[in-house]
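I have placed the structure first, in the form of structure tokens, so that the comments after it can refer back to it.
In the text below, chain A, chain B and the rest are named by the order of the sequence lines, each starting its count at 1. Here the structure is a predicted model, which is why all the values come from computation and not from measurement.
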Amino acid sequence: MTYITAMSGHDHDHGHEHGHHHDHDHSELSETQLRVRALETILTEKGYVDPKALDAIVEAYETKIGPRNGAKVVAKAWTDPAFKKALLEDASKAIGTLGHVSRVGDHLIAVENTPKTHNMIVCTLCSCYPWEMLGLPPVWYKAAPYRSRAVKDPRGVLADFGVTLPKETEIRVWDSTAETRFLVLPMRPAGTEGWSEEQLAEIVTRDSMIGTGLPKVSA
Amino acid sequence: MTYITAMSGHDHDHGHEHGHHHDHDHSELSETQLRVRALETILTEKGYVDPKALDAIVEAYETKIGPRNGAKVVAKAWTDPAFKKALLEDASKAIGTLGHVSRVGDHLIAVENTPKTHNMIVCTLCSCYPWEMLGLPPVWYKAAPYRSRAVKDPRGVLADFGVTLPKETEIRVWDSTAETRFLVLPMRPAGTEGWSEEQLAEIVTRDSMIGTGLPKVSA
Amino acid sequence: MNGVHDMGGMDGFGKVEPEPNEPTFHHEWEGRVMAMVRAIGANGGINIDMQRFSRESLPPVVYLESSYYKKWFLALQRSMLERGMVGKDEIEAGRSLRQNPPLKRGTFSMSDVQRIMTRGSFRRDPPAPAAFALGERVRTKNINPVTHTRLPRYARGHTGTIERINGCHVFPDTSARGEGDNPRWLYTVVFSGRDLWGDDADPMLKVSIEAFEPYLEKLR
Amino acid sequence: MNGVHDMGGMDGFGKVEPEPNEPTFHHEWEGRVMAMVRAIGANGGINIDMQRFSRESLPPVVYLESSYYKKWFLALQRSMLERGMVGKDEIEAGRSLRQNPPLKRGTFSMSDVQRIMTRGSFRRDPPAPAAFALGERVRTKNINPVTHTRLPRYARGHTGTIERINGCHVFPDTSARGEGDNPRWLYTVVFSGRDLWGDDADPMLKVSIEAFEPYLEKLR
């Protein structure tokens, strides 16, 4: 098996999958680092990739592409009923009309929380996530506890996030099993009347757009 | 979680689950050995167990209880039609009438291979196995490859054992999900006419009574 | 529970690799673990269903990568810790630090050995007549308890035939929770491979499970 | 394939543990892996479905215990080895030892970066009209391919409702095998929690999957 040859014996990053990030095993981590560097060297020498282009990708996700994009879209929808309508009809198209948010790819679907229905997004099979709106997904989104439980015990998952919803609220879980991507449009919290779009964007957390949290208004 | 406390960090017996038994990590193995010994000491000091009784259990499985028991039963069934009938009707009861085979517990079921049907035994959920007839199960029987594939791809499993059956043969897999236990009664090979029970018992392999092999007549 | 132990029908685990001339035990400690599990099971009130549930409840990676008797050891130690039969401090110290109440059936000693060499019977008096008849077509229920069950995932929600009626047995789902024998009828239910795995399955494949009556429903 | 990656509805993986102020990458190499995967995916002919299948095909224990980007790295390296794009000897040497044909779209360079910052479209012209209508009740098939599929096990053989029709998309099951786009209609199919998980499920739970037309059949 090709795999066996390419991998050394006991090279495990224990703990990551569980959301912890103690560097409890420096020798293993540095071994991975060396192996990744070796592969990059090979790909570069073969002319497959230009390392400067890789730098640019990394930098974009570290500095430009994050949940602020989604938060702006949510704040806009909270203050502009026509935009909200367009967003729920075709999110990719509606967001394309906004100058201050980067263009998003096809197949984005916005789903609206209401007093009756709470939406939650998961990808049980891998890690599908609306990168352009929320940046790269957090470790917990990609890890087994969330992926396994979200479709069967979403209220238990919400409890892990400290969120409790009324029993009568319908929980609507969207499993991202194809190239469609989902963005939750949370409910605008009470007490935010008259706030500007910028102020509103500040309270839209990443988790509120995944459905594992709610917008945060400081008391 | 109790488990975490009771277990040290990286204590893995890699490879066993895959059927290999290189002692590739002596430090881990000896750590397990030490921990097992410690538990036995505690259980002994608390008066839960007498180590001599544990010795006796180990010795019984190492020396007395093994596939020879099952082989005698099969050989008897091949030579005594009345016994075969009784065995297929109620294996526990039938075996109880034999003086030279140890008593078996309740719920043993013998299933007969015929030119039309080949039986195979598995326990997908753990490792249920007819101990009294066959001894302790081999590692492969308890490991993931066999347990996962036997119910979906039994011909692929048989190929791993070097066994090919005609396409027209029905493969009948028994998943031991309760306390019933199964013993395959293989077909008596051609060329064994006139053999004694003792001679026949010699060619009844363990695997032929699980359904992953056939009786072995040397050419 | 829908754990990694419930692996019937899974892909990706590779080939079956029989070991020529496999010894009964690969290490001396394996035999000790086997004997301790049998002894505590026989005299200590940790029944076989509890022990199985304890093994299933090991963390998935531990379950998959530990050798068989390693799982037995981890689960035995965990079960005894959970029940207060041994203490964490004792595990760490490697010796007993206090007295505990004796096992229900006393010290497991030489006089107990012969008894456990023959499996005990799980047959019990039926609380009611069997609900299903030989040859009847039945449907397995779609249940997903987080506790112990012996209805494997691959066989849930499928239609099969009652091939044998095996008497009335201790019901593992409740026995694992310490709720007593709660006897239930046990059937051999046989499915066609195509019903279990779809149209691409081997047309000559049949698979049976041992199904307790609460796992089954009448065909509607 | 019925791999451990298909974990929807499984028990035993513990609590969700969000990390406060989680960084984009926990190690510098994670970013490099992410960028290499994107770059080779964009220019190298290893499409997203192939990459997913490669990750799913990692040995189960490796899949479960490796960190996310570690899986990406192992699967990328494996994919490139399988396709002869790098050699084992080169991996061992840590440098290129021979020339290879260039990537289909050439070296991934600065001019390619902007293009991949926006996801490509998977929509394709429909080969036929959609077979199912909004609001229609459908049944998911019971398929168990050993190759890549996006129909999770927990949603096979269940009855749901077509809630959205999302156009006609590249079909992952065949795309992962290098058989081209083979576009198929894509639907959002919603199930009640009780249909998926049985009578004990949260009565207020609904779960949808994104289901390609070949995964669905008419209710009989």
Side-chain angles (χ1 to χ4, degrees), chain B residues 2-3 5-7 12-14 16-19 21 29 32-33 36 38-43 45-50 52-54 56-58 60-62 103 105-106 124-126 136 138-140 142 144-148 151-152 155 157 160 169-175 177-180, chain C residues 5-10 13-19 22 24 26 29 31-33 35-36 38-39 52 65-68 70 73 77-78 81-82 86 88 90-91 94-96 100 102-103 107-110 112-113 117-119 121-123 150 152 166 169 186 197 204-210:
Chain B
T2 307
Y3 165 77
T5 321
M7 184 175 164
H12 306 130
D13 288 355
H14 280 269
H16 277 233
E17 196 59 41
H18 310 288
H21 298 279
L29 287 176
T32 302
Q33 180 115 13
V36 170
L39 185 64
E40 184 177 334
T41 301
I42 297 167
L43 303 195
E45 289 175 1
K46 286 191 183 293
Y48 292 156
V49 299
D50 172 356
K52 285 199 296 294
L54 303 185
I57 296 175
V58 171
Y61 287 105
E62 279 185 327
R103 229 194 109 229
D106 214 350
T124 61
L125 295 174
C126 49
L136 296 174
V139 167
W140 61 260
K142 305 176 284 193
Y146 185 70
R147 286 166 54 193
S148 60
V151 291
K152 192 170 122 187
R155 283 183 210 267
V157 168
D160 291 348
T169 304
E170 176 185 289
I171 313 265
R172 175 71 168 81
V173 180
W174 302 74
D175 191 355
T177 58
E179 297 308 328
T180 38
Chain C
H5 73 285
D6 186 357
M7 50 181 64
M10 285 191 69
F13 286 106
K15 274 178 173 290
V16 180
E17 297 185 22
E19 180 189 358
E22 185 179 330
T24 306
H26 291 83
W29 62 263
R32 306 313 290 181
V33 168
M36 283 193 275
R38 298 295 315 268
R52 287 195 185 122
E65 79 176 351
S66 300
S67 68
Y68 183 70
K70 182 69 172 284
F73 170 66
Q77 187 164 280
R78 178 181 175 154
L81 281 163
E82 282 170 1
V86 300
K88 277 184 216 176
E90 295 175 313
I91 298 289
R95 60 200 171 84
S96 176
N100 286 68
L103 296 186
T107 304
F108 186 92
S109 43
M110 288 304 281
D112 295 298
V113 174
M117 287 296 126
T118 305
R119 283 177 74 235
S121 177
F122 293 80
R123 205 183 296 266
R150 296 292 289 185
N166 297 314
H169 287 224
L186 178 65
W197 308 115
M204 297 308 287
L205 171 62
K206 286 198 174 137
V207 179
S208 67
I209 62 166
E210 301 293 293

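- Nearest heavy-atom pair across C:R32 and B:L54 is NH2-CB, 3.5 Å.
- Looking only at distances, a side-chain donor or acceptor of C:T107 sits under 3.5 Å from a matching main-chain atom of B:G47.
- Between the side chain of B:E179 and the backbone N or O of C:F122, no donor-acceptor pair lies under 3.5 Å.
- Contact check for B:Y146 versus C:E17: no side-chain heavy atoms found under the 4.5 Å cut-off.
- Listed for the B:T177 side chain is a donor-acceptor partner under 3.5 Å among the backbone atoms of C:E210.
- Closest of all the heavy-atom pairs between B:T32 and C:K70 is OG1-NZ, 3.5 Å.
- In summary, the side chains of C:S109 and B:D50 do not present any donor paired with an acceptor at a separation below 3.5 Å, with no hydrogens or angles considered.
- Among all heavy-atom pairs drawn from B:A178 and C:R150, the shortest one is N-NH2, 4.4 Å.
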Could you please spell out the steps behind the salt bridge (charged side-chain N to carboxylate O under 4.0 Å, His left out) verdict for C:K206 and B:E170? CA-CA 7 Å; C:K206 286 198 174 137; B:E170 176 185 289; 3.3 Å; yes

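- You'll find the side chain of B:V139 reaches within 4.5 Å of the side chain of C:H26, heavy atoms only.
- A pairwise comparison of heavy atoms in C:V113 and B:A53 identifies CG2-O, 3.7 Å as the closest pair.
- Looking at heavy atoms from C-beta onward, C:F108 lies out of side-chain contact with B:L43 at the 4.5 angstrom threshold.
- Among all heavy-atom pairs drawn from C:M110 and B:K52, the shortest one is SD-O, 3.4 Å.
- For B:L136, the part lying under 4.5 angstrom from a heavy atom of chain C is the side chain only.
- Residues C:H5 and B:C126 have side chains not in contact (no heavy-atom distance under 4.5 Å, counting atoms from C-beta outward).
- Residues C:M7 and B:T124 are not in side-chain contact: their nearest non-hydrogen atoms beyond the backbone lie 4.5 Å or more apart.
- Looking only at heavy-atom pairs under 4.5 Å with chain B, the residue among C:P102, C:A39, C:G9, C:G31 that has the most is C:G9.
- Considering only heavy atoms from C-beta on, C:L205 stays 4.5 Å or farther from B:V151 through its side chain.
- With a 4.5 angstrom heavy-atom cutoff, C:N166 touches chain B only via side-chain atoms.
- At a 4.5 Å heavy-atom cutoff, the contact between C:R52 and chain B is made by side-chain atoms alone.
- Of all heavy-atom pairs spanning B:D160 and C:K15, the tightest one is OD1-NZ, 3.2 Å.
- Ranked by heavy-atom pairs under 4.5 Å with chain B, the list C:T24, C:D112, C:V16 is led by C:V16.
- The side-chain heavy atoms of B:E45 and C:E90, taken from C-beta on, include no pair separated by under 4.5 Å.
- Annotation: the span from B:I57 atom CD1 to C:R38 atom CZ amounts to 7.0 Å, rounded to 0.5 Å.
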